[in-house]
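No experiment lies behind these values; they were computed from the predicted model shown.
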Amino acid sequence: MLVVSAEVDPLRSDYERFATLVACAGGEVEVRRYDGVAHGFFTEVRTLRKARQAVADTAHFLRAHLLRGPVRADARLRWETYLDS
């Protein structure tokens, strides 16, 4: 499962807590937090570079996971934060 969150989002801690619970239950979870953007940024691909990056990252994640087969039993939580360069 991929969880995408924004730095400025009142629900961010809920998303990330959910991801932790899924990982603790043995699920494979990847969390990507995009710093410097607000809730709903994902739909702003025309105006935000990070939205375009999030959409591209999500597409890459889906391609990789839909083509690889069943989820591994030893799945772990992986956190990634994208900072402004």
Please name all residues satisfying side chain to side chain contact (heavy atoms under 4.5 Å, CB included) with V3, sequence neighbours left out, ordered by chain then number. M1, Y15, A19, V29, V31
Could you tell me whether the side chain of E7 reaches within less than 4.5 Å of the side chain of V37, counting heavy atoms only? no
Would you mind checking if E16 and R33 are paired as a salt bridge, meaning a charged N to carboxylate O distance below 4.0 Å? yes
With the threshold set at 4.0 Å, does a side-chain nitrogen-carboxylate oxygen contact exist between E30 and R32? yes
Interatomic distance, CD@Q53 vs CZ@F41, rounded to 0.5 Å, equals 10.0 Å
Quick one: list whatever passes side chain to side chain contact (heavy atoms under 4.5 Å, CB included) with T43, sequence neighbours left out. none
How far does CG of L2 sit from CG of L62, to the nearest 0.5 angstrom? 7.5 Å
Taking side chain to side chain contact (heavy atoms under 4.5 Å, CB included) as the test, write out the residues that go with V8, two or more places apart. A38
Correct closest heavy-atom pair for Y34 and A54 would be OH-CA, 3.5 Å
Heavy-atom closest pair (V45 atom, R52 atom, distance to 0.1 Å) is O-NH1, 2.8 Å
Is E28 close to H65 at the side-chain level, that is, under 4.5 Å between some pair of heavy atoms? yes
d(F42 CZ, L48 CG) to nearest 0.5 Å is 12.0 Å
How many angstroms lie between atom OG of S5 and atom CZ of F18, to the nearest 0.5 angstrom? 13.5 Å
